[in-house]
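Below you'll find the structure, written out as structure tokens, and then a few comments.
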Protein chains: 2
Amino acid sequence: MPSTTARAVTPIPRTTLTESAFEQLISYVVKGSWKPGDRIPPERELCQQLGIARTSLREALKAMELVGMLDSRVGDGTFVCARSEFLSRPLLWAFTGTDHAELRDIMEARMLLEQDLAGLAAERATPGEVDKIGDAVRMMRASIDSGVSILDADMAFHLAVAEGAHNEVLRNAVQLLRNLMRQWIYLKLLIPDVPAQVLRRHEAIYGAIRRRDSEAARKAMWKHLNETAMLVTQMVEQNSGSKKKPRRSKE
Amino acid sequence: MPSTTARAVTPIPRTTLTESAFEQLISYVVKGSWKPGDRIPPERELCQQLGIARTSLREALKAMELVGMLDSRVGDGTFVCARSEFLSRPLLWAFTGTDHAELRDIMEARMLLEQDLAGLAAERATPGEVDKIGDAVRMMRASIDSGVSILDADMAFHLAVAEGAHNEVLRNAVQLLRNLMRQWIYLKLLIPDVPAQVLRRHEAIYGAIRRRDSEAARKAMWKHLNETAMLVTQMVEQNSGSKKKPRRSKE
DNA sequence: TTGACATAGTGGTCAGACCAATATACCATC
DNA sequence: GATGGTATATTGGTCTGACCACTATGTCAA
């Protein structure tokens, strides 16, 4: 695009009806108008409400379904999924298994974001929210004692910390990153001794948050997720038998 | 679902043509048959190859487009995106799906992310990348001296820092956040004396990165963006004349 | 060289028809 | 009351064909 000598001009944005519908429908989900478990209006009704053809609407709905936000059932309707389902479809995290640099970037991004969230939670969480973090810790202890998977308790803990940070944008972002890593998190928690270690890390994070010690919360969360990253890296390498590639400094 | 007394039965999996097509097309991308920049076959041809109706294919293609894997251009064709784009769209949902406290959350998220990026750039940027950051600082000095907008130089600086951090996920995320704030950044830079101040802040960040002082880079970036957040908050309040709302502690 | 015009190709949108699956209601039989 | 069968309405799934909107490319005239 040649530069003009006068005033710079900006391209006119193009969009499609499908994309507009997609964005509008997503905002219903993310903003909470449509809650997990809700049944959204039938296609024939929704396309009239939106003033577009049913085909265009289906394109948007199908996209939302394929990324895990919606679940459509013939004869019944279309339902909103839990947030933990978004982006957690096996197909989508096929990427994280094939490009190790990408997986590392995701893990690192998650470490940085969750560290920030832990620090903010220590500063901002209400007493009720701190209790909720504690509940998740106790839930994990109970899960370990009764021999069931700690996956749900793990999710609940991280979510409660993110809630306590009072930043919707970061909370949503880190949730998506977690969802992308869902397979790896699941596999990690199957390793003997890992659940007990995870519990200890969560206890340390919870303790720092309760004491309102932001820096300690950050450090504890970083330590926890760094261990996760190392375990996942090992799993990935065992999976692919590939050589360890230098990560930093492109030169 | 009542349990049977005999042998447990498993549900018969249901699928749709759209989902099958989605899976097959994604595997072309994942496995590298379709590389970034490649133009995939036209819809009318591809639907024949797959043996499905064009509408069903479009649903799959649209989904891939909306998660950032494909880019379709009317009259031209549909192209495979760079890998680094794949997470951009989903992150955008996280960033834009929130309501009234949105701008503040976005600004804070940006501060936290860019702080992290500055710290990482100090550790990881190649000499060439450090030079590029310096170029952006010199570009801004030249823009101020010749009285033109520093918008481009501002963008170039932040982008160069993000590049030096070597984390694609965070780089994408911060680009998206900057885009969301584009209007406010533009208005901020119109305020007298702000460009000179921005230049000083950029110089401090650049200096810290050049010295490889990660902590100083973080602090300098935080200071810079905190000032931005305050200016933008003032602008927002002047715009709306609204009362300042308590931000923290939901109780 | 530039501008105008025509054409072909590609994605975007729509409408309508029909199919497949499910939920629900009702009835008969044991 | 429980089970099975049938009918109906509803919902999502698929297909077809038509047409529109935009872009790339080629040709021709000034």
Side-chain angles (χ1 to χ4, degrees), chain A residues 1-2 4-5 11-25 28-29 34 37-81 89, chain B residues 1-6 9-25 28-29 34 37-81 89:
Chain A
M1 170 158 142
T4 62
T5 52
I12 296 171
R14 300 296 157 98
T15 194
T16 63
L17 291 181
T18 296
E19 185 165 358
S20 299
F22 184 70
E23 285 170 2
Q24 184 169 328
L25 299 178
Y28 295 152
V29 173
W34 289 350
D38 279 4
R39 181 178 174 279
I40 72 171
E43 292 177 1
R44 289 172 179 87
E45 190 179 308
L46 196 53
C47 73
Q48 282 182 3
Q49 288 173 18
L50 293 173
I52 60 176
R54 188 173 155 220
T55 313
S56 300
L57 170 67
R58 282 185 56 81
E59 288 176 7
L61 289 178
K62 214 62 189 170
M64 290 169 79
E65 186 181 355
L66 289 169
V67 299
M69 283 183 173
L70 298 178
D71 174 31
S72 45
R73 301 176 214 145
V74 179
D76 198 3
T78 300
F79 298 83
V80 180
C81 296
R89 295 293 205 97
Chain B
M1 173 157 137
S3 61
T4 62
T5 55
V9 295
T10 55
I12 295 171
R14 300 297 157 95
T15 194
T16 64
L17 290 181
T18 296
E19 184 164 358
S20 299
F22 183 70
E23 287 171 1
Q24 185 167 327
L25 298 179
Y28 295 151
V29 176
W34 289 350
D38 279 3
R39 181 176 173 283
I40 71 171
E43 293 179 357
R44 289 172 179 88
E45 189 179 311
L46 195 53
C47 74
Q48 281 182 4
Q49 288 172 19
L50 292 173
I52 61 177
R54 188 172 154 219
T55 312
S56 300
L57 170 68
R58 281 185 58 83
E59 288 175 5
L61 289 178
K62 216 61 191 172
M64 291 170 78
E65 187 181 351
L66 289 167
V67 298
M69 291 179 187
L70 298 178
D71 174 31
S72 45
R73 301 176 214 144
V74 178
D76 200 1
T78 299
F79 298 83
V80 180
C81 294
R89 292 299 192 85

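Reckoned from all heavy atoms, side chains included, excluding hydrogens, waters and symmetry mates. Each chain gets a letter, A, B and so on, in the order the sequences are listed, and its residues count up from 1. Keep in mind it's a predicted model, so treat the numbers as computed, not measured.
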So, under a plain 3.5 Å distance rule, would you say the side chain of [X] forms a donor-acceptor pair with the base of [N]?
X: A:Arg44; N: D:dG12; answer: yes
X: A:Arg54; N: C:dG16; answer: no
X: B:Thr78; N: C:dT10; answer: no

Atom [atom1] of [X] and atom [atom2] of [N]: how far apart are they, to the nearest Å?
X: B:Phe79; N: D:dA24; atom1: CZ; atom2: C1'; answer: 11 Å
X: B:Leu57; N: C:dG12; atom1: CG; atom2: P; answer: 11 Å
X: A:Asp71; N: D:dT11; atom1: CG; atom2: P; answer: 16 Å
X: B:Arg58; N: C:dT10; atom1: CZ; atom2: P; answer: 14 Å
X: B:Arg39; N: D:dA24; atom1: CZ; atom2: C1'; answer: 10 Å
X: A:Glu43; N: C:dT13; atom1: CD; atom2: P; answer: 16 Å
X: A:Leu17; N: C:dG11; atom1: CG; atom2: C1'; answer: 13 Å
X: B:Leu66; N: C:dG11; atom1: CG; atom2: C1'; answer: 14 Å

Report yes if a side-chain nitrogen or oxygen of [X] is closer than 4.0 Å to either non-bridging phosphate oxygen (OP1 or OP2) of [N]; otherwise report no.
X: A:Thr18; N: C:dT13; result: yes
X: A:Arg14; N: D:dT23; result: yes
X: B:Lys62; N: C:dG12; result: yes
X: A:Ser72; N: D:dT11; result: no

Would you mind telling me which residue lines up with the more 5' stretch of DNA chain D, A:Gly77 or B:Gly75, judged by nearest nucleotide?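 Looking at the nearest nucleotide for each, A:Gly77 comes out on the 5' side.
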
Measure from the side-chain N and O atoms of A:Arg39 to the backbone N and O of A:Asp76, and report whether any donor-acceptor pair falls under 3.5 Å. yes

_Need one value for B:Thr55: base, sugar-phosphate or nothing, where a base atom within 4.0 Å counts as base even if backbone is also close, heavy atoms only._
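Touches a base.
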
Note to self: Using a heavy-atom cut-off of 4.0 Å across all strands, would you classify B:Arg73 as base, sugar-phosphate, or nothing?
What the structure shows: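 Sugar-phosphate, backbone atoms only, no base.
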
From the candidates D:dC15, D:dG12, C:dG12, the one with an atom nearest any side-chain atom of A:Thr16 is C:dG12

*Taking the nucleotide of DNA chain C with the closest heavy atom to each, which residue, A:Asp76 or A:Glu19, is nearer the 5' end?*
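The answer here is A:Glu19.
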
Item to check | Note: B:Lys62-B:Glu65 ion pair, threshold 4.0 Å (strictly below) | outcome: yes

What I'd like to find out is whether the side chain of B:Leu25 reaches to under 4.5 Å of the side chain of B:Trp34, using heavy atoms alone. yes

To the nearest 0.5 Å, atom CZ of A:Arg58 lies from atom CZ of A:Arg54 at 5.5 Å

Quiz item: Checking side chain to side chain contact (heavy atoms under 4.5 Å, CB included) against A:Met64, which of A:Ile40, A:Val29, A:Thr78 comes through?
Solution: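 In the set A:Ile40, A:Val29, A:Thr78, the residue that makes a side chain to side chain contact (heavy atoms under 4.5 Å, CB included) with A:Met64 is A:Val29.
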
